[in-house]
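For reference, the structure is listed below as structure tokens.
Below, read A as the first sequence line, B as the second, and so on, with proteins coming before strands; counting in each chain starts at 1.
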Amino acid sequence: MVQCPSCARRSEPCLVCPQCGGPLPAETDGFTALGLPPKLVIDLDELERAYHTISRRIHPDHFVASPPDVRAASLKGTALLTRSYRILRDSISRGIYWLELKGDKLSESNNRVPAELAELVFEVQEQLAELRASRDQSGDQSKGLAANMLHVRQDLDIAMNRALDELNGNFRRWDSGAASEASLRGELKAVLARIAYLRTLIRDVDRELETVEAA
Amino acid sequence: MARIVGIDLGTTNSLIATMQGPQPRVIPDPETRQTLLPSVVAYSPEGEVFTGEEAIKREPHLSVERDGAVATVGFPGGGEGAVIRSVKRYMGLDNADLAPADRNRYTFADLSGPVVRFKVGDRVLTPPEISAEILKALKKRAEAVLQEKIDQVVITVPAYFNDGQRQATKDAGLLAGLQVERLVNEPTAASLAYGLQKMASGRVAVFDFGGGTFDVSILSVKDGIFEVLATHGDTHLGGDDIDRAVVDFTFDGLPDLPRTDRHIWNTVRLLAEDAKKILSFQAGVAFELKLPGKTLELKLDRADLERLAAPFIDRTIESCRHALKDAGLQSSDIDAVVLVGGSTRMPLVRRRVQEFFGREPLCSIDPDQVVALGAAVQAGILMGTQGDMLLLDVVPLSLGIETIGGVVERLVFRNTTIPTSVSEMFTTAVDNQTHVDIHVVQGERELAKDCRSLARFKLGPLDPKPAGMPRVAVTFLIDANGILNVMAADEETGRGHMVDVKPSYGLTDEEIERMLEEAIDYGEADIAERLMITARNDAEQILAAVAKQMRDHGGLIDDQERRQIDEMAALVDQARKEDDREKLAALVEELNQLTTPFAERIMDEAIKQALEKKTVQELS
């Protein structure tokens, strides 16, 4: 239970006092902060509305003349709210956060190429190497290679969209409670690892394409 | 609730505004009716302080008589005491940041310290003290007009101001006897002024090109909520730079004009500023400069000016590109473009902005006043008179801490909505360590040395304990002003205290610019350097571990094995002093394999001992 610094009444941890509407100094998870149920499928408009509504209630701009403990609750509560909103707004960070809430995390040291991506990764690396090697050569050749690279870039987008679809599928299965948590967690980790890998590849390719464009 | 007023503390001009009923109004000087107060401060040899036009009179210059576009320049005037212009450029700066041009222009005291200090007669003044004089003049003006005491204010700052520059602005308010209730970013303030008129909604780009700074902010404006999506800018890019280019061009064209004479230089600078303004309406301008014994003609046409200004305007457009990218938008997604700042009066600027965003920019609110009007609206929000309006701004630069090997661990990413906080657990590296040093940096680069030092502080005193045992949770909180606050709490005792964080110094615009540019240009070099540091750390760890195991478990290893390990360890030790990461990584791997059997024997031994203990315990 948390005590409200404005009305001194106690309530369950959340950011807006249900009794008086003032800011509460609570430490909550991101879903609770935004007043949402702990579900992975989120309607982004609804999320934004929740963020704006709660911001209007507890933002420090509304407590300039309030006592220090109310101001502190407003500041901390708003910081937690904005951080939670940022995490939940993006499905990838939401997935990673979900794992954290389950006491798990996406291992950073795992750089193995996900099996489903092996072929694509090989192609991207090969094309990147060719493009880099052609930097000093004639314009025509590197233009041709850049065009190939653009095709690869589209393949990467397709793979990314597929992975994001899978992520959303996984989210739906968590929410429905149909499958076992252990299998869902393994699946979530695998698809997030694949997304992380694809993101790095896309960044590398974009950087290379920008270099070509600049030259 | 007491009145809160809004102040635009500008590089060139400053203004004060307040809500009057539902509308914000700029408060003019009660005598001159002027709304703009030139941000110029003069100190007479007797110690008197002058601001605005009164201060400008005291600048060394030649008397100028104007008749239309013809200026006749005569005898020298002013020049006594010290006159400081554009002090905003020096807010939150370190002496090392001063350019040679600054040192030619002003006299500085004590160049060794971390803060810029101007030498004014026998006084030494910091930029916040000088800015405070401008704030005091505005406060006096408002009190005279409103007939009430004013001590609560909102002050605007460039969105791209860093922590040190914001802190310096807050300090200036304090020194002027004002309570700074909020620092608001200038482009965001401008969006409030337009938003109040319902002239800009949806996705809004604010292009703020002032006398000394440039900012661009991309906002989403919806149901009274003004949410900044991304901001970019340059705290040392403004109309001043264009004036200076015009001055250089003028001197280049008139070899007879002595560049080193302060009176003449200042006069040419004033004329350049005038010429720039006139060329917004005319195609050409000419001034006659009458010097003792000769008359020189200063001529400039719009094409010259545009050629001189183009490189600076290119940089503003580049910033727009960055901001859009960070907001995840295309220029076609923007519903309204707002122009702010005197420099947006230049036709070339308007053309380029229109070209980039593909739509005609809004400029119906006076670009010199719009920021002050917005500051008054924000003051109204704080007073609770603006209904549902709420501003959600962002932090312009990432914030991180220096970790082993000088690598930055980023804690708050740029364009994160403020207020925001992040907690990090710190512990000790050696036994009985009583303090942990923390170095906070701001910037986008991978290595701390390439970012701007923001603050250093010590955690402690901690109770002496084995390494890794103490656990201190440190919370980094960026408040709604964009200023960092740090809190630390010992996990075990729950003992919490505010940590006194003294900013190292402010960031220069050139530095921020360089940091960002280099973050893009040198991205790969950074990563290579980072990997090398990680490889060195790995090597040091394994060398220390192997040495310790050989010392503690010498009995589990024979002479030949020991010799082989020693030789390999020596090779690793050699390689870690060189720069070949792959070689180092390969040698570390070899050492790892070579010591594996030994490590296994240590493990077996430990298990055996543990089992023996258990047996003894079970028996007893």
Assess the residue pair A:L80 and B:S421 against the criterion (side-chain contact (heavy atoms from CB on, under 4.5 Å)); give the C-alpha distance rounded to whole Å, side-chain angles, the decisive distance to 0.1 Å, and a yes or no. CA-CA 7 Å; A:L80 175 62; B:S421 70; 6.0 Å; no

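- Heavy atoms from other residues, nucleotides or ligands lying under 6.0 Å from CD of A:E27 number 12 at most.
- Heavy-atom contacts from other residues, nucleotides or ligands closer than 6.0 Å to CG of A:L150 number more than 12.
- Both the backbone and the side chain of A:T78 have a heavy atom closer than 4.5 Å to some heavy atom of chain B.
- In this structure, chain B has heavy atoms under 4.5 Å from both the backbone and the side chain of A:R56.
- Using a 4.5 Å cut-off on side-chain heavy atoms (C-beta onward), A:Y51 and B:T417 make contact.
- Within 6.0 Å of atom NZ in B:K325, 12 or fewer heavy atoms from other residues, nucleotides or ligands are found, so the atom counts as exposed in its surroundings.
- Contacts with chain B (heavy atom to heavy atom, under 4.5 Å) involve these residues of residues 59-69 of chain A, listed by number: A:H59, A:P60, A:D61, A:H62, A:V64, A:A65.
- Interface residue B:L392: only side-chain heavy atoms are found under 4.5 Å from chain A.
- Within 6.0 Å of CD on A:E119 lie no more than 12 heavy atoms contributed by other residues, nucleotides or ligands.
- Chain B forms the most heavy-atom pairs under 4.5 Å with one residue out of A:R83, A:E48, A:K76, A:H52, and that residue is A:H52.
- Between chain A and the residues B:I381, B:V422, B:D479, B:D388, the largest count of heavy-atom pairs under 4.5 Å involves B:D388.
- For B:V412, no part lies near chain A; criterion is any non-hydrogen pair under 4.5 Å.
- For B:P419 against A:T82, the heavy-atom pair with the smallest separation is O-OG1, 2.9 Å.
- More than 12 non-hydrogen atoms from other residues, nucleotides or ligands lie less than 6.0 angstrom from CD of B:E148.
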After noting the C-alpha distance and the side-chain angles of A:L75 and B:L477, does the key distance pass the side-chain contact (heavy atoms from CB on, under 4.5 Å) rule? CA-CA 9 Å; A:L75 184 57; B:L477 186 145; 3.6 Å; yes

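- Neither the backbone nor the side chain of B:T475 has a heavy atom closer than 4.5 Å to any heavy atom of chain A.
- The greatest number of non-hydrogen atom pairs below 4.5 Å with chain A, out of B:Q152, B:E227, B:E181, B:Q378, is found for B:E227.
- With sequence neighbours excluded, no residue forms a ring-ring contact (aromatic ring centres under 6.0 Å, His included) with B:F356.
- Around CZ of A:R86, the count of heavy atoms belonging to other residues, nucleotides or ligands within 6.0 Å exceeds 12.
- Contacts of B:L390 with chain A are made by side-chain atoms alone, with heavy-atom separations under 4.5 Å and no backbone atom involved.
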